[in-house]
**Q** 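Handing you a structure now.
Keep in mind that the numbers below use all heavy atoms, side chains included, and drop hydrogens, waters and symmetry copies.
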Amino acid sequence: NYLDERPVPFEDLRYVFGEIMYGGHITDDWDRRLCNTYLEEYVRPEVVDGNVFFFEEFCCPNPANASMTDFRALANEGLAMETPKAFGLPANAEIGFRTAAGEVLFKNILELQPRGAAAGGGLTMQEKTKDTLNEILDTLPPMEFSLMDLAERLAEDRDPYQNVFMQECERMNFLIVEIKRSLNELNMGLAGELSMSEKMDTLMHSLFLDRVPETWESVSFASMRPLGSWMVNLMDRYNQLNDWYETQEIPKVAWLSGFFNPQSFLNAVMQTTARRTKSPLDKMVLVTDVLKKLPDQIETVAREGWYITGLYLEGARWDFSAGVLEDAELKELHPVMPVICVRAVPASDT
């Protein structure tokens, strides 16, 4: 209460805790927004009346009928176990958390195995590594992209989209060359033709643990996948580039997350629009229109901008019929987004 015993408005209480400095305050705008959102939920008039359910398992006791001892007993013994609902999160948040924790646990158990111990199927580390090595070499394309041939076939005044795909082909070449070089070197080491170096031993350990080697990651795309899934994803990316390499036709729907540098494709959208409208590039911004279609339902290129795919949601899903965000369904951790049209407009029009 104030000195004249007038009740303090709840808006003022939220402002005191969420905005005013007491030796320090939240500096990040998004963190402050999150804090204020929680305060709006917890600091409200219904709390002092009691019997307010913050979530299903937790009811706020009535201050008029509860003593400090009762509150302490509730805090120490009566609170329900923490659930995602207590933090305003969907049930999928706990599924994702426990899945990640389980993966870390089994990964650590596998790493603690003796190097000479047999892996699944009774194979030793060297034998399993050899099988994985040969499988990867058989999966990789036999030849890299010929950038000189590509440059001759492309027009001298290449458009921004063609520049992006050519840069992507170059980065794909770097990655494939590094994979082949390191695997062939390790193969010779396992055959006794070369002495096993520390880098070769590290590579063998990564292949055994189904982990992407660090030397590959340094020239690779951003990914948290295990090695097996990473290789499938790598070949999908290669196939998108190879289709363009053969025809020089940009796909009607570009797989944005399949690029080494997705931002470069978005920049190409702005550059193309800026050239066409003779507008300053630094005055352009991107806007998105979410369609109600999947990539295989797109028949023509976008009239303005470009269609993209490869985006997913976490903690929500996209309602295709209504065109809005909805709560995620149980066990649907990363729902796919439909095709999105990305286009550039002058900043003054937004």
**Q** Distance-only, no hydrogens or angles: does the Asp159 side chain make a donor-acceptor pair with backbone N or O of Thr272 under 3.5 Å?
**A** no
**Q** With a 6.0 Å cut-off (strictly less than), is the heavy-atom count around CZ of Phe71, excluding the residue itself, greater than 12?
**A** yes
**Q** Using side-chain heavy atoms (C-beta onward) and a distance below 4.5 Å, is Thr202 in contact with Pro213?
**A** no
**Q** Output yes when a side-chain donor or acceptor of Arg153 lies under 3.5 Å from a complementary backbone atom of Tyr245, and no otherwise.
**A** yes
**Q** Anything under 30° is parallel, anything over 60° is perpendicular, the rest tilted; go ahead and classify Tyr161 against Phe265.
**A** tilted
**Q** Taking Asn239 for its side chain and Met235 for its backbone only, find out whether a donor-acceptor pair lies under 3.5 Å.
**A** yes
**Q** Do Phe165 and Phe259 come close enough that some side-chain heavy atom pair is under 4.5 Å?
**A** yes
**Q** Can you find a pair of side-chain heavy atoms, one from Glu185 and one from Leu203, that are under 4.5 Å apart?
**A** no
**Q** Can you tell me if Arg72 has over 12 outside heavy atoms packed within less than 6.0 Å of its CZ?
**A** no
**Q** Take Met200 and Met188, measure what side-chain contact (heavy atoms from CB on, under 4.5 Å) needs, and give me the verdict at the end.
**A** CA-CA 10 Å; Met200 295 162 64; Met188 296 174 68; over 6 Å; no
**Q** Between Glu168 and Arg171, is a salt bridge (charged side-chain N to carboxylate O under 4.0 Å, His left out) present by the stated rule, with each step listed?
**A** CA-CA 5 Å; Glu168 290 290 317; Arg171 297 190 66 171; 5.4 Å; no
**Q** Should Val290 and Pro338 count as side-chain neighbours, where that means a heavy-atom distance under 4.5 Å?
**A** yes
**Q** Compute whether any side-chain donor of one residue and acceptor of the other, for Trp255 and Ser257, lie under 3.5 angstrom apart.
**A** yes
**Q** Roughly how far, to the nearest 0.5 Å, is the CD1 atom of Ile308 from the CE atom of Met337?
**A** 9.0 Å
**Q** Report the C-alpha separation of Asp29 and Arg32 in whole Å, then their side-chain angles, then the decisive distance to 0.1 Å, and conclude whether the salt bridge (charged side-chain N to carboxylate O under 4.0 Å, His left out) test is met.
**A** CA-CA 5 Å; Asp29 290 338; Arg32 186 183 297 111; 3.1 Å; yes
**Q** Is there side-chain contact between Lys107 and Leu209, with heavy atoms separated by less than 4.5 Å?
**A** no
**Q** Please check if any side-chain donor atom of Asp236 sits under 3.5 Å from a side-chain acceptor atom of Gln240, or the reverse.
**A** no
**Q** Would you check, one step at a time, whether the test side-chain contact (heavy atoms from CB on, under 4.5 Å) holds for Gln271 with Leu281?
**A** CA-CA 6 Å; Gln271 292 169 358; Leu281 182 60; 4.0 Å; yes
**Q** With side-chain contact (heavy atoms from CB on, under 4.5 Å) as the test, would you mind laying out the steps for Asn184 and Leu137 before giving the verdict?
**A** CA-CA 9 Å; Asn184 287 327; Leu137 289 176; 3.8 Å; yes
**Q** Would you say Asp70's side chain and Ser67's backbone share a donor-acceptor pair under 3.5 angstrom?
**A** yes
**Q** Is there a side-chain hydrogen bond (donor to acceptor under 3.5 Å, both in side chains) between Gln167 and Asn163 once you walk through the steps?
**A** CA-CA 6 Å; Gln167 292 168 3; Asn163 283 330; 5.8 Å; no
**Q** Counting C-beta onward and ignoring hydrogens, is there a side-chain heavy-atom pair between Leu227 and Ile136 closer than 4.5 Å?
**A** yes
**Q** If you apply the rule side-chain contact (heavy atoms from CB on, under 4.5 Å), what do you find for Asn92 with Glu314, and how did you get there?
**A** CA-CA 9 Å; Asn92 287 336; Glu314 185 175 13; over 6 Å; no
**Q** Would you please name every residue forming a side chain to side chain donor-acceptor pair (under 3.5 Å) with Arg33, sequence neighbours left out?
**A** none
**Q** Enumerate the side-chain hydrogen bond (donor to acceptor under 3.5 Å, both in side chains) contacts for residues 133-144, please, sequence neighbours excluded, ordered by first and then second residue.
**A** Glu144-Lys180
**Q** As an exercise, state the distance from CG of Asp327 to CZ of Arg317, rounded to the nearest 0.5 Å.
**A** 8.0 Å
**Q** Find the distance between CD (Gln162) and CH2 (Trp244) and round it off to the nearest 0.5 Å.
**A** 6.5 Å
**Q** Would you check if Tyr238 and Leu140 make a side-chain contact, meaning some heavy-atom pair closer than 4.5 Å?
**A** no
**Q** Please report the interatomic distance NZ(Lys283) to OG(Ser348), rounded to the nearest 0.5 Å.
**A** 9.5 Å
